[in-house]
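One is the number of the first residue; the rest follow in order along the sequence.
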Amino acid sequence: MAVRLLQTHDVSDLCIGKPALRWLPPTSTVADAAAELEGAGAGAAVAVWDGDEASDVAGRVRMADVLLFLCAAANLASPAAALQATLSDLLAAAAPPPPPVRRIEPDASVLEAVDSFLGGAHCLVVPLRERWRRGEPCLCWLTVEDVARFFLSSIGLFSPTASRSVSDLGVVRPATLTVAAGDTALSALPLLRAAMASHTAVAVVPSLFPRRRLVGEISPSALCSCGWSAAAAIAALSAGDLLGFIGWGGAPPEAALHAVRSRLRRRSLLGMLDLLYGVDPSSSSSSSASSSSSSSSDDDDDERRSCVASPCSRRGKRGSFSGARAAGRRAAEEAIVCRRGSSLVAVMVQATAHRATHVWVVEEQEGEERELVGVVGLLDVLRVLRHHLQQPPPM
């Protein structure tokens with residue numbers, strides 16, 4: 001019955017109400033993409049495409065891609081030049097190359113969409129035929145989250161698999177993408193790229209050995225909620241302090257900005273100061289010259305106020321992190337977690353309710369802190385449900 005459901009429902013059913021994706025040609029600059037994405041939210045993305053129906057979409061660019069590109073070793077000292085690079089340059093610079101964006105026709109079955117994701121596609125694009133007929137080149141995104149929500153709406157058809165624990169089903173993967181809180185945020189760039197490719201995030205732990213206690217996560221979606229200032233924070237802060245910074249979304253408090261500014265000056269990363277102030281570094285009215293002339297006493301004052309609200313900073317203080325919660329934001333430390341014994345359907349509900357692509361698996365004894373065990377991604381969930389469809393029906 002579940003197979004019939006997935007074969008009879010077209011991909012177009014999952015696209016109802018979806019807006020047309022925003023796209024830019026490959027020759028557009030990174031600054032053009034950043035302008036499109038700034039303030040657009042965690043789910044915003046730009047397709048790298050020339051608008052020709054016969055052409056493939058070359059890639060999908062989110063604000064997190066822009067931030068990681070600006071923080072690459074080759075671009076760190078000169079973000080102004082990096083912003084003038086083309087989107088083709090941005091896609092080519094990713095190492096390893098990002099998973100492909102694949103096109104799927106609106107009359108394809110949902111089962112075909114699932115197989116595309118399991119076959120390595122990072123995201124799918126679907127033509128909006130009504131608009132094509134009106135002469136408008138239009139596509140929409142179809143993501144792993146979209147397909148998981150569709151499965152969840154008919155989860156009763158996947159019994160008893162859906163009620164089994166994630167541990168029994170073997171979908172708990174080792175949490176290999178972890179960074180120690182005291183390590184620099186820059187050291188986590190390869191991990192963040194891997195997290196983007198695998199629809200997960202980077203776990204932040206106090207130390208990598210002997211036990212790993214989960215205190216937060218740095219997720220691509222959290223970075224996408226930030227503005228350009230997050231690139232400056234990545235360049236200046238430790239992974240633990242970056243947790244506190246991105247917990248404020250696009251509006252970090254002045255104390256956090258002071259801390260980042262001080263450390264950037266000390267490292268002579270003056271181009272990054274313009275990003276911190278929301279100024280296009282490629283413009284002639286750059287603020288870095290005036291910023292660099294500040295006295296050393298200002299730097300000392302900044303450093304005294306440099307608790308960036310990290311829950312796992314070396315000082316061990318939460319600082320102003322609690323203010324993020326008071327302001328109604330879900331702080332970066334509040335990673336979504338489950339237990340080994342959690343059912344598959346419970347994990348799906350958690351992920352979709354929080355618009356997350358993964359759920360961390362932890363062990364937690366009464367009175368003890370949670371120890372990181374692994375992670376369950378929505379792609380893992382789809383793989384298990386796809387396997388369920390291949391099993392013979394119960395007698």
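- Looking at Asn75, its side chain does come within 3.5 Å of a backbone N or O of Phe69 through a donor-acceptor pair.
- Put simply, the side chain of Leu24 does not reach to within 4.5 Å of the side chain of Val48, judged on heavy atoms.
- A donor-acceptor contact under 3.5 angstrom links the side chains of Thr200 and Ser198, judged on distance only.
- For the pair Ile155 and Met348, the tightest heavy-atom approach, listed with the atom from each and the gap, is CD1-SD, 3.8 Å.
- Atom CZ of residue Arg265 and atom CG of residue Leu273 lie 6.5 Å apart, to the nearest 0.5 angstrom.
- Between the side chain of Asp50 and the main chain of Asp52, a donor-acceptor pair closer than 3.5 Å is present.
- Between Arg340 and Asp168 there is no salt bridge, since no side-chain N of the basic residue sits under 4.0 Å from a carboxylate O of the acidic one.
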> Which is it for Glu105 and Val11 under the side chain to side chain contact (heavy atoms under 4.5 Å, CB included) test, yes or no, and what are the steps along the way?
Replying inline: CA-CA 8 Å; Glu105 294 303 313; Val11 165; over 6 Å; no

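- Of the charged side-chain nitrogens involved, none lies within less than 4.0 Å of a carboxylate oxygen, so that Asp65 and Arg193 do not count as a salt-bridged pair.
- Leu237 is listed as a side-chain neighbour of Val260, based on a closest heavy-atom distance under 4.5 Å.
- Judged purely by atom type and a 3.5 angstrom limit, Asp115 has no side-chain atom pairing as donor or acceptor with the backbone of Glu112.
- Note on ring orientation: taking the six-membered ring where Trp is involved, the planes of Phe158 and His388 are tilted (angle from 30° to 60°).
- Put simply, the side chain of Ser262 never gets that close to the backbone of Ala259: no donor and acceptor are under 3.5 Å apart.
- To the nearest 0.5 angstrom, Glu371 atom CD is 10.5 Å from Arg213 atom CZ.
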> Given the rule in the side chain to side chain contact (heavy atoms under 4.5 Å, CB included) test, do Leu83 and Leu70 qualify, once you have shown the distances and angles that lead to the verdict?
Replying inline: CA-CA 8 Å; Leu83 285 169; Leu70 294 177; 3.9 Å; yes

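- Counting only heavy atoms from C-beta outward, the side chains of Arg212 and Thr178 approach each other to under 4.5 Å.
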> After noting the C-alpha distance and the side-chain angles of His122 and Phe117, does the key distance pass the ring-ring contact (aromatic ring centres under 6.0 Å, His included) rule?
Replying inline: CA-CA 6 Å; His122 186 262; Phe117 283 120; 8.6 Å; no

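- Ala233 and Leu242 get closest at one heavy-atom pair: CB-CD1, 3.9 Å.
- Environment of CZ in Arg267: crowded, with over 12 heavy atoms of neighbouring residues, nucleotides or ligands closer than 6.0 Å.
- Put simply, the side chain of Val215 does not reach to within 4.5 Å of the side chain of Val205, judged on heavy atoms.
- Ser165 is not listed as a side-chain neighbour of Ser343, based on a closest heavy-atom distance of 4.5 Å or more.
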> Hey, mind stepping through Leu186 and Ile234 against side chain to side chain contact (heavy atoms under 4.5 Å, CB included) and telling me if it holds?
Replying inline: CA-CA 6 Å; Leu186 285 174; Ile234 293 171; 4.0 Å; yes

> What do the steps show when you test Glu145 against His199 for side-chain hydrogen bond (donor to acceptor under 3.5 Å, both in side chains), and what is the final call?
Replying inline: CA-CA 10 Å; Glu145 301 97 293; His199 305 280; 5.0 Å; no

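- Side chain of Glu38 to main chain of Gly227: no donor-acceptor pair is present (N/O by atom type, distance under 3.5 Å, no hydrogens or angles).
- Atom CE of Met196 sits about 8.0 Å away from atom CG of Leu223, to the nearest 0.5 Å.
- The backbone N or O of Val125 sits nowhere less than 3.5 Å from a side-chain atom of Arg103 that would complete a donor-acceptor pair.
- At least one side-chain heavy atom of Thr143 sits under 4.5 Å from a side-chain heavy atom of Cys123.
- Side chain of Ser154 to main chain of Phe151: no donor-acceptor pair is present (N/O by atom type, distance under 3.5 Å, no hydrogens or angles).
- Between Leu208 and Val179, the shortest heavy-atom distance links the atoms CD2-C, 4.2 Å.
- Atoms CG and CH2, on Leu21 and Trp49 in that order, are 7.0 Å from each other to the nearest 0.5 Å.
- Counting heavy atoms from C-beta outward, Leu344 and Leu169 have side chains that approach closer than 4.5 Å.
- Between atom CD of residue Glu217 and atom CH2 of residue Trp360 there is a gap of 6.5 Å, rounded to the nearest 0.5 Å.
- Comment: Asp380 engages Arg383 in a salt bridge, judged by a side-chain N to carboxylate O separation of less than 4.0 angstrom.
- Of the inter-residue distances, the one linking Asp32 atom CG with Leu87 atom CG reads 7.0 Å to the nearest 0.5 angstrom.
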>> Test side chain to side chain contact (heavy atoms under 4.5 Å, CB included) on Trp141 and Val101; report intermediate values, then the result.
In response: CA-CA 10 Å; Trp141 295 115; Val101 173; 4.1 Å; yes

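- Using a 4.0 Å cut-off between charged side-chain N and carboxylate O, Glu36 and Arg22 make a salt bridge.
- Looking at heavy atoms from C-beta onward, Thr184 lies out of side-chain contact with Ser238 at the 4.5 angstrom threshold.
- The minimum heavy-atom distance between Leu37 and Arg62, with the atom names listed, is CD1-C, 3.5 Å.
- Of all heavy-atom pairs between Val57 and Ala47, the closest is CG1-CB, 3.9 Å.
- The shortest heavy-atom contact between Pro79 and Leu76 is CD-O, 3.7 Å.
- A donor-acceptor contact shorter than 3.5 Å is absent between the side chain of Ser159 and the backbone of Gly156.
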